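Right, one structure below, let's go through it.
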Amino acid sequence: MNINLKHIPFSRFGSYLSISYLPKNDYRSEGIYLRTIRGGDDDVGALFKLDVTKNGHCIPFNAIAAETCLCLQAEEGVVRLIYSEAHCLCIYGEQVGLRLSLVTNAYDNAFYYQARSWQVNVFSQSIRFMLTPFIGELDVSAPWDINGSSYVIADFHPREDNGTVEGIIEEFLTIYEQKNDYPTFETALDHVNDEYKKWLENTLPVPAKYEAGRQLAAYITWSCVVKQEGYLPRSAMYMSKNWMTNIWSWDHCFNAMALVKKNPKLAWDQFMIFFDVQAKNGLLPDFMNDQFAYWNCSKPPIHGWTLAWMLKHSNELSKENLAEIYQPLKQWTSWFFKERDVDNNGFPEYQHGNDSGWDNSTLFHQGIPIESPDLCAFLILQMETLAEIANRLHFQMDYEEWKKQADQLLTDMLAYFWDGEQFVAKLAGENVRSGDSLLLFMPIILAKRLPKQIRLRLIEGLKDENRFLTEHGLATESLQSPYYLEDGYWRGPIWAPSTMLLIDGLMESGEEAFARDLAHKFCNMALKHGMAENFNAVSGEGLRDRAFTWTSSVFLILAHEYVNKETEKPSL
């Protein structure tokens with residue numbers, strides 16, 4: 001598979017290193033860069049610009065990336081790069097060399113270490129590197145200027161007799177641990193290929209027509225995992241190694257769902273990771289990375305829906321798993337009623353658009369806090385999931401109490417949010433009348449718990465081709481709305497999570513044909529336009545970050561579970 005570095009980074013499972021094309025800006029030139037994704041998405045983390053050299057001069061090259069090997073191809077020769085381990089970038093060149101030019105900031109420096117190695121201390125990115133040649137030579141220019149190097153340029157030169165160069169770039173945080181023996185480039189490549197082959201084999205099978213999409217989704221999800229480190233208590237599948245270099249506390253659910261059948265241990269790690277850092281009052285952070293968590297917003301409580309889906313579609317979750325999640329999920333559910341019900345009327349609120357996951361939805365145009373029926377729908381399902389877990393764990397009183405609370409909230413929700421024609425959101429007790437957001441159709445996830453006339457009304461609205469429905473799926477804001485924008489984030493584009501939730505709700509409502517049609521639309525769009533953060537609802541074009549894991553995961557789930565399997569042959 002050919003990976004376009006302008007859209008999809010070259011990385012690997014477990015690594016905080018990534019190679020991407022970056023455009024020119026005030027402090028760097030256009031080119032291919034080795035980056036670090038530590039610390040979140042405030043900075044692209046550019047470390048070294050990569051260039052191919054001949055006789056010490058930079059020459060033109062093309063970057064040709066596949067899943068496990070990046071080739072920098074020039075007319076005079078080629079440099080190949082692989083991640084032998086999460087912290088190691090291996091170099092092999094034929095007839096040409098490789099230049100690393102540090103994106104230098106204050107205090108950054110390099111110095112000769114030992115045994116032909118040079119250490120590069122990148123103060124600005126809180127990381128250090130050891131550069132070591134195995135075949136050929138390493139020349140480093142790093143002139144000292146008071147308290148740092150004014151620049152750092154490292155050249156891996158090929159041997160004169162056979163034109164080959166081989167070396168390694170090792171990342172480390174504290175103590176450098178040199179190995180006694182390093183594998184050859186080819187041996188390391190074989191090892192990485194075997195590792196990726198196993199991942200691909202454990203990626204959900206899909207109908208044959210979607211195999212190219214499966215290959216892309218498999219690479220994106222594999223390469224976006226980072227190892228447990230710092231603030232992260234478990235291995236985490238980031239949303240991307242482009243710009244969205246964090247995990248958010250609803251994004252992780254979709255990745256867990258795609259993993260649960262074939263990789264249940266990693267799936268459980270994805271599902272539990274936010275509960276590991278849960279606040280004492282039950283709150284989950286909005287997002288986190290290896291260095292910090294962000295608490296100023298939250299995300300919608302889809303975790304009960306997620307867990308119920310995982311239990312329905314896999315037998316891999318144990319009684320011990322359910323015992324582990326019961327109290328944290330209970331606290332998360334109770335938090336909404338204790339901390340997010342400012343007027344104490346029994347209906348929790350979103351205190352910002354970001355709390356809903358639909359950051360700039362038109363529901364929030366008139367102000368905050370907003371009472372929205374989707375939040376009640378998620379909490380009803382979460383209570384039902386807690387009841388199911390309590391039943392399996394033989395907590396009979398808890399089981400009965402959760403069922404009672406879920407039923408009562410459903411009754412109250414319908415009386416408060418359904419106006420006879422549609423669901424409405426409330427601001428200070430008054431109906432919100434701004435825009436026409438798909439978010440108000442999210443209660444379809446309650447499926448047959450809803451009265452038939454309400455369910456049919458929602459389905460009618462979703463099928464209206466003059467409103468949300470396009471040839472690619474469901475827009476997040478009606479195309480007739482004055483607030484609709486082609487690239488309006490949650491005011492127009494098609495998103496994976498809204499698509500997944502609505503399809504599942506439609507299936508549970510008995511609208512199987514419509515649900516499968518939406519699954520086809522989404523999978524066809526992603527197959528053509530890639531695993532983008534979101535998509536133009538009219539053209540299907542991928543928007544924003546073009547290598548997103550929840551899009552990849554939803555594609556895999558939909559292609560595996562929801563397309564019409566009677567007419568499609570699986571790829572595996």
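Index from 1, following the sequence. Keep in mind that this is a model prediction, so the values were computed, not measured.
- Counting heavy-atom neighbours within 6.0 Å of Q453 CD, excluding the residue itself, gives a total above 12.
- Taking a cutoff of 4.0 Å between a charged side-chain nitrogen and a carboxylate oxygen, R214 and E211 qualify as a salt bridge.
- Salt bridge annotation for E508-R449: absent, with no cationic side-chain nitrogen under 4.0 angstrom from a carboxylate oxygen.
- Salt bridge R467/D436: present, at least one basic N to carboxylate O contact under 4.0 Å.
- Ring orientation note: the planes of Y562 and H313 are tilted relative to one another, at an angle of 30° to 60°.
- Two rings, from Y231 and F292, have their centers 6.0 Å or more apart.
- Ring geometry for W248 versus F287: interplanar angle of 30 to 60°, hence tilted.
- Comment: E229 engages R38 in a salt bridge, judged by a side-chain N to carboxylate O separation of less than 4.0 angstrom.
- Ionic pairing of R544 and D487 is present here: one or more N-O contacts between side-chain nitrogen and carboxylate oxygen are shorter than 4.0 angstrom.
- H252 and F274 have their aromatic ring centers within a separation under 6.0 angstrom.
- Ion pairing between R546 and E533 fails under the 4.0 Å rule for side-chain N and carboxylate O.
- The ring of Y21 has its center no closer than 6.0 angstrom to the ring center of Y33.
- Both cation-pi conditions hold for K463 and F514: the charged atom is under 6.0 angstrom from the six-membered ring centre and inside a 45 degree cone around its axis.
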Next item on the list: Report the C-alpha separation of W305 and F378 in whole Å, then their side-chain angles, then the decisive distance to 0.1 Å, and conclude whether the ring-ring contact (aromatic ring centres under 6.0 Å, His included) test is met.
Entry: CA-CA 7 Å; W305 169 82; F378 292 138; 7.9 Å; no

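- Between F254 and W250, the angle of the ring planes goes over 60°, which puts this pair in the perpendicular group of the 30/60° scheme.
- Between Y210 and H520, the ring planes lie tilted relative to each other; the angle falls in the 30° to 60° range.
- With W495 as the fixed residue, the ring pair (Phe, Tyr, Trp, His ring centres under 6.0 Å) test singles out one of F522, Y489, W358: Y489.
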